[in-house]
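Structure record follows, encoded as structure tokens.
Sequence positions, counted from 1, serve as the residue numbers for this chain. What you see is a predicted model; the values in this text were computed from it and never measured.
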Amino acid sequence: MDKERLKVLNRIKRLKNDRGFQLVVCGKDEKGIVKPLHKEWGKTESSHEKISELAAETTFSNFGIVTGPFSDHLEAIDVDLKVFNTSKEKESFSKEFFSMLEDNIDNLYSKVSVYETKSGGYHLMYKASNCEGNQKLAKPKDTKEASIETRGGKREDGVFKSGYVNFYPDFYYKGLTYEEIKYISDSDRNCIIQCCKALSYERIPEKIKPEKTFKNEITGDSTWNDYNNRNEVWDLISDEFEVIRNLTDKIIIRRHGASSAMSGYIYKDSGCLYLFSTGTDY
């Protein structure tokens, strides 16, 4: 094993001993696809001997850190910017991602670890007692794949099943290092998930036109169109909500008195209101 690989292996072993992280060794299969070499990686722990043995294989590609219960409830937010076509879109989305979190989580970078990935994305990591299995959180408009997913873990049929993230020791970006990752509160974790979901584009179904319309005597327009032309949704709901953020495709709103990070969105292209808060007459 070369010196550089041995250096990384020793560091990642210390993460196992000191931080409770479970490790995974990845390599290329016969088709050249990189995946864990240890077939039971998401169900059972790997010993130091097993990890060293796998890391010495010629197919070795990289190390990874298992998420979920095997790694003391480590959860990772995987931000994949490859789904965007232009550098401007990537920059805009990552800026909105970090701004959303910074606005809603006090002292964000004293609580989470952020590393860049080789593909130009980010891994935001923390430990949480309420971490869940892998989820797709955000799919922006006009993209085929999700731009934000979680890597966590859960128990299924009595067996722990986990995800994993690649280990990028040379790609530190901001916040805590791998060695400093710690537990955050359940409320902070839930707020992070809500913020990520807010960056998804929810397609609004086409409006169903009423069967009968009545003409406005002055403008000659239908009653519905006349009302829509004179008013916007914010005119109706402003007494109950406040604007949290103004994003490129939507406005984030929150109900007055709500404890959550946000209550819904107003989409700029359609003017439609999308609420996931149940504490409102709407």
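Partners of Glu91 under the side-chain contact (heavy atoms from CB on, under 4.5 Å) rule, at least two apart in sequence or in another chain, do not exist in this structure. Checked against salt bridge (charged side-chain N to carboxylate O under 4.0 Å, His left out), Glu179 has the following partners two or more places apart in sequence or in another chain: Arg11. Remark: Asn62 pairs with Cys26, Val34, Asn166 by the side-chain contact (heavy atoms from CB on, under 4.5 Å) rule, at least two apart or across chains. For Lys28, the side-chain hydrogen bond (donor to acceptor under 3.5 Å, both in side chains) criterion is met by no residue, not counting sequence neighbours. Legend: residues meeting side-chain hydrogen bond (donor to acceptor under 3.5 Å, both in side chains) with Tyr126, ordered by chain and number and at least two apart, are Glu75. For Asp29, the salt bridge (charged side-chain N to carboxylate O under 4.0 Å, His left out) partners two or more places apart in sequence, or in a different chain, are Lys35. When the side-chain contact (heavy atoms from CB on, under 4.5 Å) test is applied to Leu176, the partners found at least two apart in sequence or on another chain are Ser113, Glu180, Lys182. With sequence neighbours excluded, the residues satisfying salt bridge (charged side-chain N to carboxylate O under 4.0 Å, His left out) with Lys82 are Asp80. With sequence neighbours excluded, no residue satisfies salt bridge (charged side-chain N to carboxylate O under 4.0 Å, His left out) with Lys7.
A ring-centre distance under 6.0 Å is not found for Tyr122 and Phe97. Taking the six-membered ring for Trp, Tyr265 and Tyr274 have ring centres closer than 6.0 Å. Aromatic pair Tyr115/Tyr173: centroids not less than 6.0 angstrom apart.
Every pair passing salt bridge (Lys or Arg N to Asp or Glu O under 4.0 Å) that includes a residue from residues 103-119 is listed here, sequence neighbours excluded: Asp103-Arg245, Lys111-Asp188. Counting only residues at least two apart or on different chains, the ring-ring contact (aromatic ring centres under 6.0 Å, His included) pairs with a member in residues 72-91 are Phe84-Phe93. Within the structure, the salt bridge (Lys or Arg N to Asp or Glu O under 4.0 Å) test picks out the following pairs touching residues 62-74 (sequence neighbours left out): Asp72-Lys127.
Under the 30°/60° scheme for interplanar angles, the aromatic rings of Phe98 and Tyr109 are found to be tilted.
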